[in-house]
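For clarity, every value in this text was computed on a predicted model and none was experimentally measured.
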Amino acid sequence: MRQAADRFSAFWSTPNLKAWALVWLGFAFVPTTINAFALLTEYERTNQDIPAWEPFLREYSSGVALLLVLPLVRWSINHMPGWSEAPLRCVAQFLGTALAFSTLHLAAMTVLRMAAYGALGQSYAVDDLRDDLPYEFRKDLLTYLLIVLVVVGVRHLIRLSRSLALVEAAANAAARATEGQGPPETAAAEPARLDLARIELKVGSRRVYLAPADILLVRSAGNYIEVVTAEAVHLVRRTLADFQAELPPPDFARVHRSHLVNRGAIVRIDNRPSGDMDLTLSNGATIPASRRYKSELF
């Protein structure tokens with residue numbers, strides 16, 4: 001039971017999962033709830049006799065269907081070519097994915113409604129698709145466009161905040177060095193060591209204290225994680241997501257579902273034809289980096 005709870009906690013602690021959960025709440029759950037109450041009010045005003053649950057079933061089936069197709073949106077954003085590099089391919093992929101998004105959303109929504117109505121002993125009548133498809137596509141195109149703009153915009157803001165954090169940390173270090181609290185060359189050369197707070201590791205019956213800058217790599221190993229430094233590998237019973245929360249975000253990146261890496265330890269990046277990468281670290285180790293986490297690395 002504890003193991004299952006740890007896995008669930010690690011799954012929910014994944015930064016990407018939290019971000020996409022917020023996307024779904026913002027673009028599906030909240031709007032559909034508002035629409036359901038608005039429809040219910042409209043039916044009451046026009047004296048239409050319908051069950052109170054029907055507007056909610058219709059709207060929430062759309063929201064759940066949107067949740068099911070969100071992985072397609074995420075895939076498209078992660079594989080979208082740069083506008084400056086291939087503008088025509090970028091537009092073609094956007095329109096193609098938007099069409100697939102709308103088609104899958106409509107199909108999933110229809111199946112969910114048919115199943116729900118059937119469970120209630122009623123039938124759900126599918127309207128003429130010639131009228132439905134253009135109407136649904138217009139709505140889904142706007143939803144898809146807004147999701148892409150929000151997600152891409154937030155990712156750029158995160159990268160900007162990380163850069164500003166590094167600049168601010170370097171400026172603070174230089175100011176402290178000027179006041180005689182440390183040699184300026186040390187502060188300038190090692191921005192990763194600016195936060196002197198150490199991380200405590202419970203390794204068996206021992207306690208090991210490490211500075212974040214000394215950690216080259218963290219990888220999952222079943223119910224444990226391996227914290228790799230230049231001198232040793234420490235086996236700790238913790239989840240990767242839980243440990244990531246203690247590390248300074250500008251200096252560490254999730255590059256694989258089972259790997260965290262210190263950006264300063266990367267000495268070479270080799271791209272694979274699949275879009276994945278191989279990262280060579282300062283200790284000579286080579287680790288895989290998934291294209292799914294490319295946005296976390298760059």
Side-chain angles (χ1 to χ4, degrees), residues 12 14-39 42 55-113 126-164 253-254 274-276 290-298:
W12 176 246
T14 303
N16 280 333
L17 180 64
K18 287 184 177 180
W20 284 99
L22 291 174
V23 168
W24 181 73
L25 286 173
F27 286 92
F29 182 76
V30 173
T32 53
T33 301
I34 294 173
N35 290 340
F37 279 107
L39 285 173
E42 187 65 26
F56 293 93
L57 190 153
R58 288 176 173 267
E59 291 298 324
Y60 285 140
S61 62
S62 176
V64 173
L66 180 62
L67 177 65
L68 296 176
V69 296
L70 272 183
L72 174 65
V73 183
R74 183 177 184 275
W75 176 89
S76 179
I77 292 175
N78 290 341
H79 292 79
M80 185 74 71
W83 174 261
S84 59
E85 300 172 358
L88 293 180
R89 182 185 163 196
C90 185
V91 172
Q93 179 173 323
F94 175 85
L95 293 177
T97 308
L99 179 60
F101 171 84
S102 180
T103 303
L104 293 174
H105 177 243
L106 179 60
M109 180 177 63
T110 302
V111 170
L112 289 171
R113 289 179 180 178
V126 179
D127 298 327
D128 191 344
L129 293 180
R130 289 175 298 179
D131 295 330
D132 271 357
L133 282 177
Y135 170 72
E136 292 294 338
F137 180 71
R138 287 195 299 270
K139 289 200 308 180
D140 288 342
L141 179 62
L142 178 60
T143 301
Y144 178 75
L145 175 62
L146 290 175
I147 292 175
V148 171
L149 290 176
V150 169
V151 172
V152 172
V154 169
R155 286 184 176 181
H156 281 294
L157 287 176
I158 290 174
R159 293 182 188 130
L160 178 61
S161 66
R162 287 173 176 173
S163 300
L164 291 176
R254 184 77 168 265
S274 63
D276 295 334
S290 172
R291 62 180 182 271
R292 295 174 53 195
Y293 293 91
K294 186 175 291 188
S295 61
E296 301 290 329
L297 182 61
F298 299 108

Tell me every residue that passes salt bridge (charged side-chain N to carboxylate O under 4.0 Å, His left out) with D276, counting only those two or more places apart in sequence or in another chain.
R291

Set of residues satisfying side chain to side chain contact (heavy atoms under 4.5 Å, CB included) with respect to L68, sequence neighbours excluded:
A108

Quick one: pull up NE2 in H105 and OG1 in T110 and give me the separation to the nearest 0.5 Å.
9.5 Å

Sorted by chain and residue number, the side chain to side chain donor-acceptor pair (under 3.5 Å) partners of N35 (sequence neighbours excluded) come out as none

Can you name the closest pair of heavy atoms from R292 and R74 and give their distance?
O-NH2, 3.5 Å

Looking at residues at least two apart in the chain, or sitting in another chain, which of them share a side chain to side chain donor-acceptor pair (under 3.5 Å) with T97?
S76

Mind checking what makes side chain to side chain contact (heavy atoms under 4.5 Å, CB included) contact with L95, not counting sequence neighbours?
V91

Residues at least two apart in sequence or cross-chain that pass side chain to side chain contact (heavy atoms under 4.5 Å, CB included) with L142, listed by chain then number, are L146

Exercise: identify the closest heavy-atom pair between L112 and A65
CD1-N, 3.9 Å

Could you measure the distance from the OG1 atom of T32 to the CZ atom of F37? Nearest 0.5 Å is fine.
10.5 Å

S61 meets the side chain to side chain donor-acceptor pair (under 3.5 Å) criterion, sequence neighbours left out, with R113

Residues passing the side chain to side chain donor-acceptor pair (under 3.5 Å) test with S102, sequence neighbours excluded, are D140

Steps toward side chain to side chain contact (heavy atoms under 4.5 Å, CB included) verdict (F101, L66):
CA-CA 9 Å; F101 171 84; L66 180 62; 3.1 Å; yes

Taking all non-hydrogen atoms of both residues into account, name the closest pair between W75 and Q93 and its distance.
CZ3-NE2, 4.5 Å

Out of curiosity, L104 CG to L99 CG, how far, rounded to the nearest 0.5 Å?
9.0 Å

Can you check side chain to side chain contact (heavy atoms under 4.5 Å, CB included) on F137 and L106, steps first, answer last?
CA-CA 9 Å; F137 180 71; L106 179 60; over 6 Å; no

Output, in order, the C-alpha distance, side-chain angles, deciding distance and verdict of side chain to side chain contact (heavy atoms under 4.5 Å, CB included) for V73 and V69.
CA-CA 7 Å; V73 183; V69 296; 5.6 Å; no

Under the ring pair (Phe, Tyr, Trp, His ring centres under 6.0 Å) test, which residues partner F29, sequence neighbours left out?
W24, Y60

